K.L.:
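Handing you this structure, nothing more for now.
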Amino acid sequence: MAAWVVYVTGVGAVVAVAALLLERGLRRLGRPVRWVWIAALTGTVSIPAAALFFGTGEVGWSVPAVEVSTVSETVFAAGWMAATLMLLANFRLSAWTLRRNRRSWRDVRVGGHRAMVSAGFGPGVIGVVRPRIVLPEWILDADPAVHRLVVAHEVEHVRARDTRLLLAGLLLASLVPWCLPAWWQLHRLRAAMETDCDARVLRGPAGRREYANALVAVAGRRSRTGVPVPALGPRPAELERRIRIITSARPSSRRAALGLVAVAAALVLGLARVPTPARPSVPALPAFRLANPLLSSDAPRRATVILSVQPEAVPASPD
């Protein structure tokens, strides 16, 4: 089991590096990049799963100098399952909380699009089957340019069905809750969805400086919520990166972009040559047999029952 944990984490790290190179290459070419990270999460989970269920199992390797007992592996597997169930339950609780809060939100129509107005939540998009835009109260009284750009950004999230993509990423990362590269890929997926929406909004009449100012205005008043939803308001750590992408000129070197894509493809293809660990096997429990009671010579007054682990039948003791 320990060997497979190391293998899955290593695969996730290599896939993450390849996805980062591919993202930079596609961004130079002006292509959307959010699909890169959902593909990375899928690869982090599916490549080890394919190796486990469809591999030959003839070539294996193990983690040296680490001895893990059967009890420890059982505890780890139970903790793995419990962590996955807790993450899924937390997501379900978040969805239930949103549905409960929706009762106090009112429906409005903004710029020809249906939306809901909340006291403090948003801006963002909720709902997987029928995504809906949620705007905070202060947006309605904000500068008209900020109001228009916020709505345009959230409309792009709805059109791209980003809530479904985010749900898929959350489910994939929850399958391997101990794999840190998978959670980093999920973080990059959320950031990529936002930058893709930024790019689509900027294809319209919005100016880059005007849009950057709207980002700053929303970031200063974004709702502090742990609910994972696509939203315009970036975290402080992401604000500078998004503004830099918006205001910087797009590089024109296609050769460099294609080079990054080629290196990313080479890294992913190289995973096929990495030997996979041997399939974990459930060790057979030894058969405990009760031998004839013998009197211990060291303690003649006390009878000692001897338990022996023997692959063959216990020979009859002499009379």
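No experiment lies behind these values; they were computed from the predicted model shown.
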K.L.:
I want to know whether W183 and W178 have ring centres closer than 6.0 Å.
P.N.:
no
K.L.:
State whether the number of non-hydrogen atoms from other residues, nucleotides or ligands found under 6.0 Å of R24 atom CZ is greater than 12.
P.N.:
no
K.L.:
Could you grab the distance from atom SG of C179 to atom CG of L186, nearest 0.5 Å is fine?
P.N.:
12.0 Å
K.L.:
Could you check L202, V146, T247 and say which one makes a side chain to side chain contact (heavy atoms under 4.5 Å, CB included) with Y211?
P.N.:
L202
K.L.:
Taking atom CZ of R34 and atom CG of D196, what is their separation to the nearest 0.5 Å?
P.N.:
5.0 Å
K.L.:
Determine yes or no for a side-chain-to-main-chain donor-acceptor pair under 3.5 angstrom, with R208 supplying the side chain and I246 the backbone.
P.N.:
yes
K.L.:
Give the cluster check for V158 versus I139: same hydrophobic cluster or not, with ILVMFWY residues linked at side-chain heavy-atom distances below 4.5 Å.
P.N.:
yes
K.L.:
Is there a chain of hydrophobic side chains (I, L, V, M, F, W, Y, each step under 4.5 Å between heavy atoms) that links F53 to V274?
P.N.:
yes
K.L.:
Dump the intermediate steps for side chain to side chain contact (heavy atoms under 4.5 Å, CB included) on Q185 and L172, then the final yes or no.
P.N.:
CA-CA 10 Å; Q185 292 168 20; L172 288 170; over 6 Å; no
K.L.:
For the residue pair W4 and A51, what are the closest heavy atoms and their distance?
P.N.:
CH2-C, 4.0 Å
K.L.:
How would you list, by chain and number, every residue that makes a side-chain contact (heavy atoms from CB on, under 4.5 Å) with W35, sequence neighbours excluded?
P.N.:
I38, L165
K.L.:
Among L29, L26, L21, L22, whose side chain to side chain contact (heavy atoms under 4.5 Å, CB included) with L260 holds?
P.N.:
L21
K.L.:
Please walk me through it: do L52 and Y7 pass side chain to side chain contact (heavy atoms under 4.5 Å, CB included)?
P.N.:
CA-CA 11 Å; L52 177 62; Y7 176 70; over 6 Å; no
K.L.:
Hey, what do you get for CG (L175) to OG1 (T84), rounding to the nearest 0.5 Å?
P.N.:
6.5 Å
K.L.:
Working to the nearest 0.5 Å, report the span between CZ of R114 and CZ of R130.
P.N.:
9.0 Å
K.L.:
Linking I/L/V/M/F/W/Y whenever any side-chain heavy atoms sit under 4.5 Å apart, do M86 and L93 land together?
P.N.:
no
K.L.:
Which heavy atom of M193 sits nearest to which heavy atom of H157, and what is that distance?
P.N.:
O-CE1, 3.8 Å
K.L.:
Does the pair R27/E23 count as a salt bridge with the N-to-O cut at 4.0 Å?
P.N.:
yes
K.L.:
Is the backbone N or O of G127 less than 3.5 Å from a side-chain atom of T163, with the two atoms forming a donor-acceptor pair by type?
P.N.:
yes
K.L.:
A quick test of your reading: do over 12 heavy atoms of other residues, nucleotides or ligands sit less than 6.0 Å from CZ of R161?
P.N.:
yes
K.L.:
Answer yes or no: is there a side-chain heavy-atom contact under 4.5 Å between D198 and I245?
P.N.:
no
K.L.:
How far apart are the closest heavy atoms of P177 and A83, and which atoms are they?
P.N.:
CG-CB, 3.8 Å
K.L.:
Between CZ of F121 and CG of L135, what distance do you get to the nearest 0.5 Å?
P.N.:
10.5 Å
K.L.:
Is V263 linked to V11 within one hydrophobic cluster, defined over Ile, Leu, Val, Met, Phe, Trp and Tyr using a side-chain heavy-atom separation of less than 4.5 Å?
P.N.:
yes
K.L.:
Ignoring hydrogens, what is the shortest heavy-atom contact between A192 and V33? Give both atom names and the distance.
P.N.:
CB-CG2, 3.8 Å
K.L.:
Less than 4.0 Å between a side-chain N and a carboxylate O, is that true for E156 and R203?
P.N.:
no
K.L.:
A182 and L41: which non-hydrogen atoms are nearest, and at how many Å?
P.N.:
O-CD2, 3.2 Å
K.L.:
Checking N213 side chain against R209 main chain: does a donor-acceptor pair fall under 3.5 Å?
P.N.:
yes
K.L.:
Roughly how far apart are L171 CG and F91 CZ, rounded to 0.5 Å?
P.N.:
7.0 Å
K.L.:
Do other residues, nucleotides or ligands put more than 12 heavy atoms under 6.0 Å from R92 CZ?
P.N.:
no
K.L.:
Carefully, step by step, assess R102 and R132 under the rule side chain to side chain contact (heavy atoms under 4.5 Å, CB included).
P.N.:
CA-CA 11 Å; R102 285 183 60 173; R132 294 288 301 274; 4.2 Å; yes
K.L.:
For V128 and R164, which heavy atoms make the closest approach, and how far apart are they?
P.N.:
O-NE, 3.1 Å
K.L.:
Could you walk me through whether W138 and V218 pass side chain to side chain contact (heavy atoms under 4.5 Å, CB included), step by step?
P.N.:
CA-CA 10 Å; W138 67 266; V218 175; 4.1 Å; yes
